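What follows is a short report on a single structure.
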Protein chains: 2
Amino acid sequence: MRVKISLTPKEGKYLTFMYRKQVEEDKSASTTILAKSFKVNPATATETLQRLAKKKLVEYTRYYGAKLTERGMVEAQRLLRKHRILEILFVKFLRYDTEKACEEASKIEYYCSEDLINTICRTYGHPDTCPCSKEIFQDSTCMGR
Amino acid sequence: MRVKISLTPKEGKYLTFMYRKQVEEDKSASTTILAKSFKVNPATATETLQRLAKKKLVEYTRYYGAKLTERGMVEAQRLLRKHRILEILFVKFLRYDTEKACEEASKIEYYCSEDLINTICRTYGHPDTCPCSKEIFQDSTCMGR
DNA sequence: GATAAATTTAGGTATTACTTAAAAATGTTT
DNA sequence: AAACATTTTTAAGTAATACCTAAATTTATC
């Protein structure tokens, strides 16, 4: 890591949302869409995009839109991995349905350590998909032991 | 619930810390002790106590100290319950040692829903002590089904 | 080119959580 | 009890996060 990335919870939510749109749905997330999704004023969405741009997590062109950078992708995947590993735990161990599992994961994903997530991941034999069949990204420190 | 209690993460930490001192160790937590424990300036501890007093969670007398109110006790127990149920999960399911379990629980306890905690609690047959043998408080909505 | 829609800028607010410096209260010592 | 030390509080800040409205600007559409 060259520069340390400090991500706020909201910024994390924006990154994963944008990742889903950009990579998994091949669309782009406009200011309006972001604002609607997060139930905030468009001005707020713009502001958050600008903060993410300052942190080099998105490439932002005013009036045009924003795209995740390589670093933004990595961060989004890191968070989505946490989210999906937690979903596995909640569905398999606590017998939650996928929707409820997703909700609970959303509440805590940001605060769970890599170590905790890796331990759950190992417990379930490094699953490669979450309960709703989306990809779970590999983590070198998790696999390598 | 007469008035809704909105607790910040830090306020929660103060409440549980004070609970442990006041109820489990029968001591009291002075401004200095709080400040040292949380590695902040004493002025900050005072400020937080005053905020807790405004929310009727502690009874605060300047220069004298603060004591948890009935409501403060309930909130502290609610958080300690979450903490200890999480410890159970981490020790029993993930084979964490008690210290590590405590650390991880501290990171997420505040953000876990009652429902999630109750589900874990039921899974382990409503345990009455945590891995370090401290009391786990009962929750009516958890037992009652 | 006018008008509509989307986006951004400017200039706010509120909350949380922290700081330093000085004042005030309390405790201790002689 | 006066002097000194310690603890605690007040006052007056700062910084970050996350939101807002209103007006300006840019882009898209008729």
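Values in this document were obtained by computation on a predicted structure and should not be read as measured data. Every chain is numbered from 1, with letters handed out A, B, ... down the list of sequences.
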*Counting N and O atoms only, with roles assigned by atom type, does the side chain of B:Arg84 sit under 3.5 Å from a partner on the main chain of B:Glu135, one being a donor and the other an acceptor?*
yes
*If you look at every heavy atom in A:Leu15 and A:Gly72, which pair is closest and at what distance?*
CD1-O, 4.2 Å
_Nearest whole Å is fine: how far is C:dA17 P from B:Asn41 CG?_
16 Å
*What is the ring orientation for B:Tyr96 with B:Phe90, classed by angle as parallel under 30°, tilted 30 to 60°, or perpendicular over 60°?*
tilted
*asked:* Taking any heavy-atom pair under 4.0 Å as a contact, classify B:Thr44: base, sugar-phosphate, or nothing.
replied: base
*Indicate the atoms forming the closest heavy-atom contact of B:Val58 with B:Leu49, along with that distance.*
CG2-O, 3.7 Å
*If you draw a 6.0 Å radius around NZ in B:Lys56, do more than 12 non-hydrogen atoms from other residues or ligands fall strictly inside?*
no
*Could you check whether A:Ser30 gets within reach of a base, just the sugar-phosphate, or nothing at all, counting any heavy atom under 4.0 Å?*
sugar-phosphate
*Please state how far atom CZ in A:Phe38 lies from atom P in D:dC20, giving the value in whole angstrom units.*
13 Å
*When the distance from CD1 of B:Ile33 to C1' of D:dT6 is rounded to whole Å, what number comes out?*
14 Å
*Report the distance from atom CG of B:Leu7 to atom P of C:dA17, rounded to the nearest whole Å.*
10 Å
*asked:* Near DNA chain C, counting only heavy atoms under 4.0 Å, which residues of residues 13-21 of chain B show up?
replied: none
*asked:* Please report the distance, rounded to the nearest Å, between CZ in B:Arg51 and C1' in C:dC18.
replied: 10 Å
*Rounded to the nearest angstrom, tell me the gap between atom CG in A:Leu52 and atom P in D:dA18.*
10 Å
*Which comes earlier along DNA chain C counting from the 5' end, the contact point of A:Glu47 or that of A:Tyr60, where each point is its nearest nucleotide?*
A:Tyr60
*asked:* When you measure from the side-chain N and O atoms of B:Lys10 to the phosphate of C:dC18, is any distance below 4.0 Å, counting only OP1 and OP2?
replied: yes
*Taking atom P of C:dT8 as reference, at what distance in whole Å does atom CG of A:Leu49 sit?*
7 Å
*In terms of ring plane angle, is the pair B:Phe93 and A:Tyr124 parallel, tilted or perpendicular, where the classes change at 30° and 60°?*
tilted
*A:Leu34 CG to D:dA18 P: how many Å, rounded?*
14 Å
*Determine the sole option in B:Glu47, B:Glu11, B:Glu59 for which the side-chain contact (heavy atoms from CB on, under 4.5 Å) test with B:Leu52 is passed.*
B:Glu11
*Give the C-alpha distance, both sets of side-chain angles, the deciding distance and a yes or no for side-chain contact (heavy atoms from CB on, under 4.5 Å) between B:Lys67 and B:Ser28.*
CA-CA 8 Å; B:Lys67 256 182 69 179; B:Ser28 72; over 6 Å; no
*With a 4.0 Å cut-off on heavy atoms, is B:Thr8 in touch with a base, just the backbone sugar-phosphate, or nothing at all?*
sugar-phosphate
Pairs under 3.5 angstrom, nitrogen or oxygen only, protein versus nucleotides 23-28 of chain D, please.
| unit_1 | atom_1 | unit_2 | atom_2 | d |
| --- | --- | --- | --- | --- |
| D:dT25 | O2 | A:Tyr63 | OH | 3.2 |

*Salt bridge between A:Lys21 and A:Glu25, side-chain N to carboxylate O under 4.0 Å?*
yes
*Would you say the side-chain atoms of A:Glu24 and A:Tyr19 include a donor-acceptor pair closer than 3.5 Å?*
no
_Which is more 5' along DNA chain D, the nucleotide nearest A:Pro9 or the one nearest B:Pro42? Just name the residue._
B:Pro42
_Touch class at under 4.0 angstrom, heavy-atom based, for B:Thr31 against every strand present_ = sugar-phosphate
